[in-house]
Amino acid sequence: MSTSGQPQFRYTQTPSKVLHLRNLPWECIEEELIELCKPFGKIVNTKCNVGANRNQAFVEFADLNQAISMVSYYASSSEPAQVRGKTVYIQYSNRHEIVNNKSPGDVPGNVLLVTIEGVEVGDVSIDVIHLVFSAFGFVHKIATFEKAAGFQALIQFSDAETASAARNALNERSIPRYLLPEHVNSCHLRISYSAHTDLNIKFQSHRSRDYTNPYLPVNPTAIEGVVQPALGPDGKRKEAESNVLLASIENMQYAVTVDVLHTVFSAFGTVQKIAIFEKNGQTQALVQYPDVSIAAVAREALEGHCIYDGGYCKLHLSYSRHTDLNVKAYSDKSRDYTIPDASLLTSQVSGLPGAPAAWQNPRPGPMYAGNDFNTGGSVPAQYPSRPMAPWDASMQAGRAPFGSVPSTYPGQTFAVATSQIHSAVSSMGFSSGFPPNVRPGGASSSGQLQPGIPPNVRPSGGPPPGHPTYYGQ
DNA sequence: AGCACA
């Protein structure tokens, strides 16, 4: 407690590994800091563009003596330290380390990752999202999807500045109630930056939108009249047929690999793609055929059957909403057999002509094959929850939303959020070499085989010892 | 030209 408070500036400073640099050009980048400082020692951290004018920086040396040598050098040098011709003033920082709490999601970019908490999918339409975020600038693209963290949207702006404005205004706020269905009473927005810079939207749909291209086709599956999932008499969703089957694997005592599934499902026709993932602790797989009829046959034949003897790895099949999977060509959890030599490919390849994928990884390069939209994501579901002021819609007043586009599109997208596939996978604890033992065939009791179906599906030899062939369901 | 709020 001093009577006059802290002095504004300290003229005698205790040395620190961290140096405070002032009067930098605001354009100064980390590389320039490093160029300036590295003759004096090893730089372990930097922080530039600090302060209201973004003209200050911090540099942390590995060793205190290195910092001292730099300060001493310029204290007696006739040539001042300079960056871009500007004299830079160097002093010891009053802290002893640079704290960089920037998580990847805090690194600004032009694409926001928005997690909408407390809502069901469908409660917040893409048009509402568009409306809300258009208050800050032209929204180029939106892609929505479901993940463990909840309902999420990627929102692409022109630049990081616009995205930041939107984030700063909307993060931790709520979408105004009047834009939401009545039963929704909370709608928290958690916003971070995505690492993506350009989303690849393939269709206009209720899940994805490209406002830069109003001529983008509406998801063709919508034309077939598949609109909202209809409810059957039992109240369960009545599924539309699809060329892609969703297989849930029950009682998974043995590993179910891509190869195993391929063998099993190939009995009915060409398998184009497979993706294995986990959902709610259960292993599931998507299996893509070229057309619905094959999928229908496979579904009928395999439903309720077990891959292995003894009731292990029982299959439950339904039709997926997807029509074309967007999967890694070759990984332990997915395979794209439509790619000539998938084993040589590491990067994901977009759909064949006429085999549309709704949207896919915009990021080329080998880093992530079939990358997902999780990158900037990892949206901290563990953020402490705190009360959130509703977002004030009046902030939009006087500002016309940018880029209106037809606000509704019929039908639904079958966009494959590859993230659901690629990030949801977790390793299975089993590595059984047991071959699959599924006996495709419609009538389980009779063991009657369907025409053209091999009598038994054994990719790698006979049944495991002690495991008699099991046809049960 | 004077200490970081992401």
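- Straight-line distance from the CG atom of A/Asn53 to the C1' atom of B/dA4: 14 Å, rounded to whole Å.
- The salt bridge (charged side-chain N to carboxylate O under 4.0 Å, His left out) check on A/Glu120 picks up nothing, with sequence neighbours excluded.
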Kindly determine whether A/Tyr92 and A/Val18 satisfy side chain to side chain contact (heavy atoms under 4.5 Å, CB included), including the steps that lead there. CA-CA 6 Å; A/Tyr92 298 113; A/Val18 181; over 6 Å; no

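- A donor-acceptor pair shorter than 3.5 Å can be found between the side chains of A/Gln13 and A/Gln91.
- A/Lys17 is linked by a salt bridge (charged side-chain N to carboxylate O under 4.0 Å, His left out) to nothing, counting only residues two or more places apart in sequence or in another chain.
- Less than 4.0 Å separates DNA chain B from at least one heavy atom of each of the following residues of residues 56-72 of chain A: A/Gln56, A/Phe58.
- Under the rule for a ring pair (Phe, Tyr, Trp, His ring centres under 6.0 Å), A/Phe151 has no partner lying at least two apart in sequence or in another chain.
- Judged as a side chain to side chain contact (heavy atoms under 4.5 Å, CB included), and not counting sequence neighbours, the contacts of A/Ala163 are A/Leu112, A/Phe157, A/Tyr193.
- Here B/dA6 presents its C1' atom at 10 Å from CG of A/Asn168, a figure rounded to the nearest Å.
- The separation between A/Leu19 atom CG and B/dA4 atom C1' is 14 Å, rounded to whole Å.
- Screening A/Lys147, A/Arg190, A/Gln152 for a side-chain hydrogen bond (donor to acceptor under 3.5 Å, both in side chains) involving A/Thr115 leaves a single residue, A/Gln152.
- By the 4.5 Å heavy-atom criterion applied to side chains, A/Gln66 and A/Asp63 are counted as neighbours.
- Place A/Val18 and A/Tyr89 on DNA chain B by their nearest nucleotides, and A/Tyr89 ends up nearer the 5' end.
- Around the NZ atom of A/Lys42, the shell of radius 6.0 Å holds no more than 12 heavy atoms that belong to other residues, nucleotides or ligands.
- For DNA chain B, the residues of residues 22-45 of chain A within the heavy-atom distance limit of 4.0 Å (strictly under) are A/Arg22, A/Asn23, sorted by number.
- Here B/dA1 presents its P atom at 18 Å from CZ of A/Arg54, a figure rounded to the nearest Å.
- When rounded to the nearest whole Å, the span between CZ of A/Arg167 and C1' of B/dA6 equals 8 Å.
- Rounded to whole Å, the distance from NZ on A/Lys86 to C1' on B/dA1 is 9 Å.
- One can place NE2 of A/His20 at 8 Å from P of B/dG2, the figure rounded to the nearest angstrom.
- Atom C1' of nucleotide B/dA4 and atom CD of A/Gln91 are separated by 13 Å, given to the nearest angstrom.
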